[in-house]
Amino acid sequence: MKLRHEFPVIVVVGIPGVGKSTILSIATKKLEEQGFQVLVLNYGDYMFKALNSKGIVKNRDEIRKLDLRTQLEHQSLAAQMLIDDARKSLGAKGILIVDTHAVIRTSTGYWPGLPQHVIEILKPDVIAVIEAPVSDIVARQRRDKTRYRLDLAREDIVREMLEMTRYFAIASATLVGASVVFIMNLEGRAEEAAENLVGVIRSIL
Ligand code: ATP
Ligand code: AMP
Ligand code: MG
């Protein structure tokens, strides 16, 4: 089995509302301005498409509430579809960034977003963990009306999820020999977090 894809792969993780998608849109612009071909794929989009087309969910924040077997089946499908799309659109010069979660807080406990069957398909060079102060994350979760994260918007839950994200990210990285980097997304400073992520990505090119 090949250890890596032709193109570099960066997997970006962090708890819901920490700012992954925000940082990635800024980082992508920066990398494109620097002449890189960047493909950002959101893992949740693939799960949502598959589940929504079968009428199982109506919005993406319902996915984590499904029974684990249903999540597992679609997690597996999503990994394969995502990497197939990446292979089709990226040459050896492109960069794949995957916007996802190291761990999902389900009603059955903490469940890995990047178990062996997933991480061995994605084969990341780096896992970047986005973090922020607990109170800022809770405020973002409450403020962002485009999503439903109110089930998680409590300081004790967010604190535990930040901790779990670190543990699960390290466990996944160990399976494929990826490095792990932590990036702080401070309030009003998404630009700076994106710049730090760009620095990490450029260091592996
Ligand atoms: P999910 O995993 O649920 O998709 P996410 O990590 O992708 O969450 P975003 O959707 O990027 O999170 O951000 C959540 C909210 O926080 C958004 O309203 C966004 O504008 C805001 N936000 C992100 N980063 C910052 C920041 N540095 N300062 C202030 N607000 C921010
Ligand atoms: P997001 O927009 O990043 O929050 O993704 C939407 C939802 O997709 C998440 O809340 C999870 O329920 C699910 N999801 C995303 N990535 C994964 C993953 N790697 N494994 C399992 N579920 C995931
Ligand atoms: Mg997001």
Side-chain angles (χ1 to χ4, degrees), residues 9 11-28 40-52 56-83 97-122 124 127-153 157-158 161-162 164-165 168-169 171-172 175 183-197:
V9 180
V11 167
V12 175
V13 299
I15 82 166
V18 73
K20 299 176 297 294
S21 303
T22 304
I23 292 172
L24 281 177
S25 68
I26 304 171
T28 301
V40 179
L41 297 178
N42 182 301
Y43 204 103
D45 281 350
Y46 284 85
M47 294 194 62
F48 177 71
K49 253 183 269 167
L51 287 157
N52 181 252
I56 301 174
V57 294
K58 288 200 179 61
N59 77 68
R60 56 203 297 128
D61 289 302
E62 290 172 29
I63 301 174
R64 62 179 172 268
K65 293 169 183 115
L66 297 171
D67 68 273
L68 285 187
R69 291 279 179 104
T70 305
Q71 290 188 62
L72 181 72
E73 182 195 339
H74 293 86
Q75 180 188 50
S76 169
L77 288 172
Q80 202 53 65
M81 291 190 301
L82 186 153
I83 213 68
I97 305 179
V98 182
D99 180 346
T100 187
H101 297 254
V103 63
I104 321 295
R105 189 177 193 272
T106 71
S107 52
T108 328
Y110 287 105
W111 179 67
L114 303 166
Q116 190 161 12
H117 69 98
V118 171
I119 204 79
E120 285 186 346
I121 290 174
L122 300 182
I127 299 180
V129 181
I130 310 300
E131 300 185 320
V134 170
S135 56
D136 292 336
I137 299 176
V138 172
R140 288 172 202 169
Q141 291 169 328
R142 292 186 187 280
R143 207 166 57 217
D144 182 4
K145 303 294 179 211
T146 67
R147 297 286 300 268
Y148 182 83
R149 304 184 186 97
L150 291 178
D151 54 329
L152 308 172
I157 294 179
V158 164
M161 288 186 76
L162 283 167
M164 290 297 153
T165 295
F168 277 82
S172 300
L175 295 171
I183 293 178
M184 186 54 75
N185 178 26
L186 292 173
E187 198 59 17
R189 287 161 68 181
E191 179 85 25
E192 191 179 315
E195 193 57 60
N196 289 338
L197 181 63

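Read the numbers this way: they start at 1 and go in the same order the structure lists the ligands and their atoms.
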Roughly how far, to the nearest 0.5 Å, is the CD atom of Glu192 from the CD1 atom of Ile23?
10.5 Å

Between CD1 of Ile127 and OG1 of Thr100, what distance do you get to the nearest 0.5 Å?
10.0 Å

Identify, by atom number and element, the atoms of ligand 1 in contact range of Leu186, meaning under 4.0 Å from any of its heavy atoms.
26 (C), 27 (N), 28 (N)

Looking at non-hydrogen atoms alone, which of Gly44, Ala193, Gly17 comes nearest to atom 8 (O) of ligand 1?
Gly17

Could you check Gln71 against Gln75 for side chain to side chain donor-acceptor pair (under 3.5 Å), going step by step and ending with a plain yes or no?
CA-CA 6 Å; Gln71 290 188 62; Gln75 180 188 50; over 6 Å; no

Quick test of your reading of the structure: of Ile130, Val12, Asp144, Val18, whose heavy atom lies closest to atom 18 (O) of ligand 1?
Asp144

Is the shortest N/O to N/O distance between Gly14 and ligand 1 below 3.5 Å?
no

Protein heavy-atom partner closest to atom 10 (O) of ligand 2 - residue, atom, separation in Å:
Arg64 NH1, 3.6 Å

Structural part of Arg189 in contact with ligand 1, heavy atom criterion under 4.0 angstrom
backbone

Which option, Lys20, Arg147, Arg149, owns the non-hydrogen atom nearest atom 10 (O) of ligand 1?
Arg149

Taking 4.0 Å as the limit for heavy-atom contacts, which would you say applies to Asp99 with ligand 1: side chain only, backbone only, both, or neither?
neither

Which residue and atom name correspond to the protein heavy atom nearest atom 23 (C) of ligand 1, and how close is it?
Thr22 OG1, 3.5 Å

Using a strict cut-off of 4.0 Å, indicate which atoms of ligand 2 neighbour a heavy atom of Gly44.
5 (O), 6 (C), 8 (O), 15 (C)

Could you identify the single nearest non-hydrogen protein atom to atom 16 (N) of ligand 2 and state the distance to 0.1 Å?
Thr100 OG1, 2.8 Å

Quick check on contacts: which atoms of ligand 2 are under 4.0 angstrom from a heavy atom of Arg147?
1 (P), 2 (O), 4 (O)

Compute the shortest N/O to N/O distance between Asp61 and ligand 1 and return yes if it is under 3.5 Å, no if not.
no

Is Lys20 reaching over with its side chain to a backbone N or O of Asp99, donor-acceptor style, under 3.5 angstrom?
no

So is Phe48 in contact with ligand 2, going by heavy-atom distances below 4.0 Å?
no

What is the closest protein heavy atom to atom 20 (N) of ligand 2, and at what distance does it sit?
Gln75 NE2, 3.0 Å

Under a 4.0 angstrom heavy-atom cut-off, which atoms of ligand 1 come close to Arg143?
29 (C), 30 (N)

Check ligand 1 against His101 and write out every atom of the ligand that is under 4.0 Å from a heavy-atom position of the residue.
2 (O)

Show which atoms of ligand 1 fall inside a sub-4.0 Å distance from at least one heavy-atom site of Gly188.
26 (C), 27 (N), 28 (N), 29 (C)

Decide whether an N or O pair under 3.5 Å exists between His101 and ligand 2.
yes

Using non-hydrogen atoms of the residue, decide whether Arg60 is closer than 4.0 angstrom to ligand 2.
yes

Report the nearest protein non-hydrogen atom to atom 22 (N) of ligand 2: residue, atom name, distance rounded to 0.1 Å.
Met47 SD, 3.1 Å

Specify the protein heavy atom at minimum distance from atom 11 (C) of ligand 2: its residue, its atom name, and the distance to 0.1 Å.
Ile104 CD1, 4.2 Å

Give the residue, atom name and distance (to 0.1 Å) of the protein heavy atom nearest atom 24 (N) of ligand 1.
Asn185 ND2, 3.1 Å

Near the Mg ion (ligand 3), which protein N/O/S atoms are found at less than 2.8 Å?
Ser21 OG

Can you sort out which atoms of ligand 1 are near Ala190, meaning under 4.0 Å from one of its heavy atoms?
27 (N)

